[in-house]
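I have placed the structure first, in the form of C-alpha cells, so that the comments after it can refer back to it.
Numbering of residues begins at 1 and proceeds along the displayed sequence. As the structure is a computational prediction, the values presented were derived from the model and not from experiment.
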Amino acid sequence: MTPNLLGPAEIRDLAARLGVSPTKKLGQNFVHDPNTVRRIVAAAALTADDVALEVGPGLGSLTLALLPVAAHTHAVEIDPTLAAALPQTAAHHAGPYADRLTVHRADALRVTAAELADPAPTALVANLPYNVAVPVVLHLLAALPSLRHGLVMVQKEVADRLVAGPGSKVYGIPSVKLAWHAHARAAGRVPPNVFWPVPNVDSGLVAFTRREPPRPEVPRERVFAVVDAAFAQRRKTLRAALAGWAGGPDLAAAALVAAGVDPGARGESLTVEQFAAVAASAPTGTPAAQ
C-alpha cells in the first residue's frame, strides 16, 4: 500500500476537525502539495536502513511520505493537539506503515539522544519552523551523534546562509557552525504556494552529510566562542573583534598569528578549519583557553 498523501482539501479538513489554526509563534506553515513532499523525500536519499527524524510534522504531510521509505520515523512535535492526532492520521492514510512511527511530544531544541534511542535516528528530514531552524539543526547535530545526513526545508534566506562559504556576503555564524558538523549544499528552491498559510518568502532545501570536526581535539564550545566573537562585529578586523575573547587586542593578534591567520583579516574570510586553529591557539591562562 502507498500512503495517501495530504492535498489542500485534506489539510484544511484535518485542521478544521482538530480546531487547529497555524500560528506565527510556532512558525507553522503546512505543506499541502504532494509533489513537493515527494521531492523532499527523494532529495533526502534515504535508504531502507535509515531511521528518519522529523521535526515539526504538523498535520503529517511529510510524515506520510517518510513512513514507507525509512525503517522507522521519529516525529518531534511541540504542539500537543498535533502530536496527539498524528498517529491517527498515519493509521488512516498509511495503513501497515503506521507502526513505523513514534511521535514525541517535545521541544526539538531540548530533545536528547536518550529520548530518541530506540532506534537511533540517522537522517533528519524536516520542514523546519522558520523562527528556530538554525538552532534546531545545530542542536540536533550536537546532541545526536547517530545523525549521518539530512535534508531540511527552511526560509530561502536561511538556506543561503547555511550553505555559504568564506567571502560570501551571507557567510556568517550559521555557515561556520554547520560546517563544523557537516558538509552542506543547496538542494533546491520551494515556492510559497505549496504552503498553508502562504508565507511571504520562498523556502530552500539544504542537504548535509556529517563529517568529522576539523580539529576534534578542540572543544566545540571553544571554537564557537571564536566564531561568535568574530561575527559580532563584522566590520572590525579579527585583532579587534577577538580582543574581548582573548583578553586584549595584542593577545588576539598573537593567537591569530600562531594559527597562521592575518590579524587584519575579517571573520567572513576564514574557513571553519581556520576558526578551529585560532581556538586552539588561545593564549594560555586566559578564559579563551579554558
Side-chain angles (χ1 to χ4, degrees), residues 109-110 112-113 120 122 124 133-150 152 158-186 206-290:
L109 285 169
R110 293 179 173 81
T112 65
T122 62
L124 173 63
V134 171
V136 163
V137 170
L138 295 176
H139 167 70
L140 294 176
L141 282 167
L144 305 175
S146 61
L147 279 182
R148 298 195 303 260
H149 64 114
V152 294
V158 174
D160 292 343
R161 289 176 183 167
L162 286 172
V163 303
S168 165
K169 289 182 179 179
V170 295
Y171 182 69
I173 291 173
S175 325
V176 184
K177 290 185 177 180
L178 180 55
W180 171 264
H181 293 287
H183 294 290
R185 61 177 177 82
V206 174
F208 66 84
T209 304
R210 170 88 73 172
R211 70 164 187 169
E212 278 297 307
R215 295 284 291 266
E217 76 280 8
V218 184
R220 180 183 73 249
E221 294 80 9
R222 192 188 300 178
V223 178
F224 284 9
V226 179
V227 175
D228 289 338
F231 286 102
Q233 304 173 79
R234 288 184 74 111
R235 296 184 179 181
K236 290 193 174 184
T237 65
L238 286 169
R239 182 182 189 276
L242 298 183
W245 163 81
D250 291 342
L251 289 172
L256 289 160
V257 170
V261 175
D262 177 4
R266 289 176 170 77
E268 63 206 40
S269 68
L270 267 60
T271 64
V272 66
E273 290 80 9
Q274 289 174 305
F275 277 112
V278 173
S281 301
T284 304
T286 66
Q290 303 307 311

Close side-chain approach of Val134 to Ile173, heavy-atom, < 4.5 Å: no
I'd like to check Val158 versus Val206 (side-chain heavy atoms, cut-off strictly below 4.5 Å). Are they in contact? no
For a quick test of reading the model, state the closest non-hydrogen atom pair linking Arg215 to Trp180 and the distance between them. O-CH2, 3.5 Å
Determine the minimum heavy-atom distance between Ala279 and Trp245, stating which atoms define it. CA-CZ2, 4.2 Å
What pair of heavy atoms forms the shortest contact from Ser269 to Pro166, and how long is it? O-CB, 3.8 Å
Atom pair CD/CZ of Glu217 and Arg222 - distance to nearest 0.5 Å: 9.5 Å
Any donor-acceptor N/O pair, Tyr171 side chain to Gly267 backbone, under 3.5 Å: no
Distance, nearest 0.5 Å, that separates NE2 of His183 from CG of Leu178: 10.5 Å
How far does CG of Leu270 sit from CG of Leu238, to the nearest 0.5 angstrom? 5.5 Å
I need the Glu268 CD to Arg235 CZ distance, nearest 0.5 Å. 10.5 Å
If I take atom CZ from residue Arg211 and atom NE2 from residue His181, how far apart are they, to the nearest 0.5 angstrom? 10.5 Å
Run the salt bridge (Lys or Arg N to Asp or Glu O under 4.0 Å) test on Lys177 and Asp228 for me, step by step, so that the C-alpha distance in whole Å, both residues' side-chain angles and the decisive distance to 0.1 Å come before the verdict. CA-CA 10 Å; Lys177 290 185 177 180; Asp228 289 338; 2.9 Å; yes
side-chain hydrogen bond (donor to acceptor under 3.5 Å, both in side chains) against Arg110, all qualifying residues, sequence neighbours excluded: Asp107
Quick one: does Leu256's side chain get under 4.5 Å of Asp262's, heavy atoms only? no
Rounded to the nearest 0.5 Å, what separates atom CG in Leu140 from atom OG in Ser146? 10.0 Å
side-chain hydrogen bond (donor to acceptor under 3.5 Å, both in side chains) against Arg210, all qualifying residues, sequence neighbours excluded: none
Looking only at non-hydrogen atoms, find the nearest pair between Ala113 and Ala143 and report the distance. CB-O, 3.5 Å
Which class fits the ring pair Phe231 and Phe275: parallel under 30°, tilted 30 to 60°, perpendicular over 60°? tilted
Can you give me the closest heavy-atom contact between Val218 and Ala276, atom names plus distance? CG2-O, 4.2 Å
List in chain and number order the residues that pass side-chain contact (heavy atoms from CB on, under 4.5 Å) with Ala253, two or more places apart in sequence or in another chain; answer none if no residue qualifies. Arg239, Pro263
Just so I know, are the side chains of Leu162 and Phe208 near enough to count as touching, which here means a heavy-atom distance under 4.5 Å? no
Keeping Ser175 on the side-chain end and Arg161 on the backbone end, is there a donor-acceptor pair under 3.5 Å? yes
With a 4.5 Å cut-off on side-chain heavy atoms, are Val136 and Leu109 touching? yes
